[in-house]
Amino acid sequence: MTGAIYRKADRLGLLRIAQGLLYTKGADVKEQHATCWCHRGLNSGEAAGVWRTTDGSNARLSGVVTCGNVWACPVCAAKICEERRKDLSDAMAAAVSMGKTGYLLTLTFPHEADIPLGELLEKFGTARQKWANSRTYKRIMGEKGNGGEIGRLGSVTSLEVTVGKANGWHPHVHVLVIADRLGFGEGDPVNPAGDLASILIEELKGAWVKALQKAGLCDTHQVSDTFAHGLNVRGGERAAEYIAKFGRDERWGASSEITKGHAKVGTVGEIAGDMHFTPFQLLDFAHQGNTWARARFAEYVAAFHGRRMLSWSPGLRKSIALGDERDDADLAADQTPAPEETMVATITADDLSVLTSRAMLADFHRYVAEWCVCTESAQADVNDYLAWVRTLPKAGRGLVTVKGAFDGRRRAIETQEAA
Ligand SMILES: [Zn+2]
């Protein structure tokens, strides 16, 4: 298996692990997390389309239920972020064509283990609000259509989190700030990481430390350290790199090559304290039986529920002629085929439940991508594959099989727990 290939299959494998973790045994169907039903039933109609990219690098199903949860679902997250990434790169291109540039600001705070993520997110939100309301921020970054000292057109904020055993949760935001070139009055980067320095940046750092103190996220003894590391500003090249990787598997670790790399360092029960993981990396450890990873993933899904991943400042999309933002559910459900895709076969709702009950959905995608090269025989090949899967025993582990069609979340459906 080469690096770029079959990522969708890897993500489907992670989705299955997430479903196992999120499924509440004995609870009512409607009480289950929506991600439990993702790719487990048909949206409407009799059959799902089986699509394959011509170069064999990917396969997917159309017409299946999608959960649209950008935090909990590795499959929907990838789809949603693909579109968000296009928006970000359009914003960057528009900035350049207007003679502006994009800066990448990263905001964080000193973090310690044992503080619940929900509490940290609340306080972190409060700190960002206080920072944006400070006189220093308003003077430098502007407000309500006035661009401040840096000539800011607007910004896009992305919320992220990693977690480690020694230092606990590490929520942080990356802010793409569209502003005048050399707006911060900066010189060349001061270190290999690309950090910029200037008087305005120092002032913003000071305001950030004050905001953190007010929000209860920075003690007196942490002030100098937080001043040095709590906020950094990088230039256009770094901003472009960030956008290129936005939501991609290599950033999340939602691909087997990366997670396997980590697994070598810290196997079950012995994850090194100083290592940090993305939520989707936790899934692999949880699957291997690591209870710490299992509990952290559950805490993460609960704490991020309903939060926005990406927030555009008011008026920015309009000023760079980007249309209205589409919501997560809408993007996840989008079935528009890519030019290099062909529909090679269809499968029924029953076929789909045969695949999920045997934990073979990820493998099926790999099979289609790799083997269904001949469009004429693809349906027969798919049927043969399905006949084989029917002979396999059902997989257990609290995973469920969905029968019949449903609209993704609400409509009552028949379920049956796999043996
Ligand atoms: Zn999903």
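Just the heavy atoms: all of them, side chains too, but no hydrogens, waters or symmetry mates, feed the values below. Numbering of ligands and ligand atoms starts at 1, following listing order.
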With sequence neighbours excluded, tell me which residues meet side-chain contact (heavy atoms from CB on, under 4.5 Å) with [X].
| X | value |
| --- | --- |
| Glu340 | Thr53, Thr54, Ala338 |
| Asp114 | none |
| Asp219 | His221, Gln222 |

Please report how many protein N/O/S atoms lie under 2.8 Å from the Zn ion (ligand 1).
4
Sub-6.0 Å ring centroid separation between His111 and His276
yes
Identify whether the distance between the nearest side-chain nitrogen and carboxylate oxygen of Glu82 and Arg85 falls below 4.0 Å.
yes
Is any side-chain N of the basic residue among Glu122 and Arg307 closer than 4.0 Å to the acidic one's carboxylate O?
yes
